[in-house]
Amino acid sequence: MTFDLTPEQDQLRDAVRALGRRYGHGYFVEKAKAGEHTTELWAEAGRLGYLGVNIPTEYGGGGGGITDLAIVCEELAAAGCPLLLLVVSPAIAATVLTRHGTEEQRKRHLPGLADGSQKIVFAITEPDAGSNFHRLGTVARRDGDGWLLNGRKCYISGVDEAGHVLVVARTEDAGTGKLKPALFLVPTDAAGLTRSKLDMEIVSPENQFLLYLDDVRVPADALLGESLDAGLPALFAGLNPERITVAAMGAGTGRYAIERASEYTATRKVWGGRSIGSHQGVSHPLAHAAVQVELARLMIQKAATLYDAGRDLEAGVSGNMAKYAAGEAAALAVDTAVQVLGGAGMTTEYGVATLLGAVRAGRIAPVSREMILNFVAQHVLGQDKSY
């Protein structure tokens, strides 16, 4: 057993950290409040190969795994630049395409995902069904040599930045007549596909949308994979990378908040010339938050290692645990940082309160803490299914 990264992964961590710090949290907040995107950071990360670290080399990627992409997600977040679309495009879409796309689909999309010139976002969540694919209302029906898609999606990240959206729909199985999930690569400018921006109380350069699919016609090759049978395994293929990279982003955000708070409390002096960090009422909460973040990082490393080793079932358990732990740790770290900074913690200048909305959302999405507890109770503790 080892907790050491490879020399290449150490170099990747150092390089991504340097890139993130050149931009910093001020850049992130400025873009978010101006209603703009982190276009420059994304493009540079793509040119340097960081967005495609988990994509096979034959398609322009680095040939690494989710461990490598988790490093990118964590270090950018630790620099104050948590990029949500890293989770959506390289983690979910690129993994699904690599594992289950046709060769033509891989050749068409993976090189652009690797160099950052293309983004593909992911649409599963619906107003009535949430992310329960058994009850999705979005339906795809055959129409000549293509497909017609109808339905609604909500909380879909980054549609305004992407060329395609990977839509999860249900199709009718000709043999059984039952509906089964399938994934479709839908151009974001397709006729019949409209969107409505959701106003969120989160400081983020990445927007959330409602999507409406009204007789959206796509060709046969928009169906991901060789047949409808690819739908269910393709859907599950994206879940573990999603949880692991979301967790990594949360851990990085927690590290950022603790670092900012520690710098402040070590130098702030108001009583008798002693730093406020010398008081246990200040230092102990920060130390507790640091412990929780580090524990989450260990579970993230375990989950990513299992996933890259092809141990999907074990990675599913660890990935869910990592997401739970990181969500709690990030929320604790940011809240603690705000508290120990006092009034300064609520200012934009000190750069921690700007993360409150994002870390709170991290306890809800992409899967809520309660559903993770349901999963652990059922699959780890052997309890009856509760829902």
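The structure presented is a predicted model; accordingly, all values stated were derived computationally and were not measured. Atom set for the values below is all heavy atoms of this structure, side chains included, hydrogens, waters and symmetry mates excluded.
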Can you find a side-chain donor-acceptor pair between Thr102 and Lys107 that sits under 3.5 Å?
no

So with a 6.0 Å cut-off around CE of Met346, is the heavy-atom count from everything else above 12?
no

Check this for me, if you would: do Glu349 and Arg260 make a salt bridge, where the nitrogen-to-carboxylate-oxygen distance has to be below 4.0 angstrom?
no

Measuring from atom CD1 of Ile124 to atom CD1 of Ile156, what distance do you get when rounded to the nearest 0.5 angstrom?
9.0 Å

Any chance NZ of Lys302 has more than 12 other-residue heavy atoms, nucleotides or ligands included, within less than 6.0 Å?
no

Determine the minimum heavy-atom distance between Ser283 and Gly277, stating which atoms define it.
CB-O, 3.3 Å

Side chains of Lys153 and Val167 in contact at under 4.5 Å (non-hydrogen atoms):
yes

Side-chain (Arg17) to main-chain (Leu12) donor-acceptor, under 3.5 angstrom
no

Between Ser157 and Leu84, the two heavy atoms sitting closest are OG-CD2, 3.4 Å

Would you verify whether the NZ or CZ of Lys31 falls within 45 degrees of the ring axis of Phe28 while also being under 6.0 Å from that six-membered ring's centre?
no

Once the angle between the rings of His25 and Tyr256 is folded into 0 to 90°, is it parallel (under 30°), tilted (30 to 60°) or perpendicular (over 60°)?
tilted

Can you tell me if CD on Glu103 sees more than 12 non-hydrogen neighbours from other groups inside 6.0 Å?
yes

Would you say the side-chain atoms of Trp42 pair up with the backbone N or O of Gly116, donor to acceptor, closer than 3.5 Å?
yes

Using only heavy-atom distances, determine whether the side chains of Gln118 and His109 contain a donor-acceptor pair under 3.5 Å.
yes

State, yes or no, whether a side-chain contact exists between Thr38 and Tyr27 at a heavy-atom distance under 4.5 Å.
yes

Consider only side-chain N and O atoms of Asn54 and Asp68, and report whether a donor and an acceptor are under 3.5 Å apart.
no

Within the side chain of Ser318, is there an N or O that forms a donor-acceptor pair under 3.5 Å with the backbone of Ala315?
no

Using modelled atom types only, decide if a donor and an acceptor are shared between the side chain of Arg106 and the backbone of Gly101 within a distance under 3.5 Å.
yes

Would a 4.5 Å heavy-atom cut-off, applied to side chains only, mark Tyr59 and Thr98 as touching?
no

Measure from the side-chain N and O atoms of His100 to the backbone N and O of Gly225, and report whether any donor-acceptor pair falls under 3.5 Å.
no

Nearest non-hydrogen partners of Thr265 and Ser275, listed with the distance
O-CB, 3.5 Å

Are any non-hydrogen side-chain atoms of Arg195 and Leu210 less than 4.5 angstrom apart?
no

Hey, does Ile71 have a side-chain heavy atom less than 4.5 Å from the side chain of Leu5?
yes

Going only through I, L, V, M, F, W and Y residues with side-chain contacts under 4.5 Å, is there a path from Leu313 to Phe236?
no

Honestly curious: do Met299 and Val376 fall in one hydrophobic cluster under the side-chain, below-4.5 Å linking rule?
yes

Determine whether Thr95 and Tyr307 satisfy the following criterion, side chain to side chain contact (heavy atoms under 4.5 Å, CB included), listing intermediate values before the conclusion.
CA-CA 12 Å; Thr95 299; Tyr307 183 84; 3.2 Å; yes

Taking all non-hydrogen atoms of both residues into account, name the closest pair between Thr354 and Gly351 and its distance.
OG1-C, 3.6 Å

Between the side chain of Gln105 and the main-chain N/O of Leu223, is any donor-acceptor distance below 3.5 Å?
yes

Kindly compute the distance separating CD1 (Ile364) from CD (Glu370), expressed to the nearest 0.5 Å.
8.5 Å

Check for a donor-acceptor pair, side chain of Lys323 on one end and backbone N or O of Val367 on the other, with a separation under 3.5 Å.
yes

Hydrophobic cluster membership, Leu136 vs Val159, 4.5 Å side-chain cutoff
yes

Distance alone, cut at 3.5 Å: any donor-acceptor contact between the side chains of Asn240 and Asp312?
no

Measuring only between side-chain heavy atoms, which start at C-beta, is Leu355 closer than 4.5 Å to Pro82?
yes

Looking at Thr253 and Ala77, would you say the former's side chain and the latter's main chain have a donor-acceptor pair under 3.5 Å?
no

Residue pair Arg108, Glu104: steps toward the salt bridge (Lys or Arg N to Asp or Glu O under 4.0 Å) verdict:
CA-CA 6 Å; Arg108 188 187 316 159; Glu104 174 56 33; 3.7 Å; yes

What I want to find out is whether Arg152 reaches Glu126 closely enough, with some N-O distance under 4.0 Å, to be called a salt bridge.
no

Test log, rule side chain to side chain contact (heavy atoms under 4.5 Å, CB included), inputs Tyr155 and Leu211:
CA-CA 9 Å; Tyr155 304 115; Leu211 291 186; over 6 Å; no

Do Val359 and Val203 share a hydrophobic cluster, counting only Ile, Leu, Val, Met, Phe, Trp and Tyr and linking them when any side-chain heavy atoms are less than 4.5 Å apart?
no

Residue pair Glu40 / Tyr23, side-chain donor-acceptor N/O under 3.5 Å
no

Nearest-0.5 Å distance that lies between atom CD in Gln383 and atom CG in Asn374
11.0 Å

Do any N or O atoms from the side chain of Thr267 and from the backbone of Glu263 form a donor-acceptor pair under 3.5 angstrom?
yes

Ion pair present between Lys197 and Asp160, side-chain N to carboxylate O less than 4.0 angstrom?
no

Given the rule in the side chain to side chain contact (heavy atoms under 4.5 Å, CB included) test, do Thr138 and Asn150 qualify, once you have shown the distances and angles that lead to the verdict?
CA-CA 6 Å; Thr138 300; Asn150 285 278; over 6 Å; no

Smallest heavy-atom separation, Gly345 atom then Ala353 atom, equals O-CB, 3.1 Å

Please lay out, stage by stage, how Arg243 and Leu239 fare under the test side chain to side chain contact (heavy atoms under 4.5 Å, CB included).
CA-CA 6 Å; Arg243 281 147 175 69; Leu239 296 184; 3.9 Å; yes

Test your reading of the model: is there a side-chain donor-acceptor pair from Glu58 to the backbone of Pro56, 3.5 Å cut-off?
no

Look at Asp143 together with Arg141 and state whether they make a salt bridge at an N to O cut-off of under 4.0 Å.
no

Within the structure provided, determine whether Leu86 and Met249 are in side-chain contact (heavy-atom separation under 4.5 Å).
no

Between His379 and Phe375, what is the ring plane arrangement, given parallel below 30°, perpendicular above 60°, and tilted in between?
tilted

Using the rule side chain to side chain contact (heavy atoms under 4.5 Å, CB included), only one of Asp221, Ile120, Val165 pairs with Leu185; which is it?
Ile120

Side-chain touch Leu235/Val168, heavy atoms, less than 4.5 angstrom:
yes

Leu183 and Ala234 have their tightest heavy-atom pair at CD2-CB, 4.3 Å

Same cluster for Val121 and Val218 if Ile/Leu/Val/Met/Phe/Trp/Tyr side chains link at under 4.5 Å?
yes

Between Arg255 and Glu74, does any side-chain N to carboxylate O distance fall below 4.0 Å?
yes

Which atom pairs, donor and acceptor, lie under 3.5 Å between side-chain atoms of residues 330-343 and protein residues at least two apart or in another chain?
from	atom 1	to	atom 2	distance (Å)
Thr336	OG1	Leu332	O	2.7

For residues His164 and Thr188, is any side-chain donor paired with an opposing acceptor at under 3.5 Å?
no

Before accepting this row, confirm whether a basic side-chain N of the pair Glu44/Arg22 lies closer than 4.0 Å to the acidic partner's carboxylate O.
yes

In this structure, which one of Leu69, Ile92, Ile66 forms a side chain to side chain contact (heavy atoms under 4.5 Å, CB included) with Pro241?
Ile66

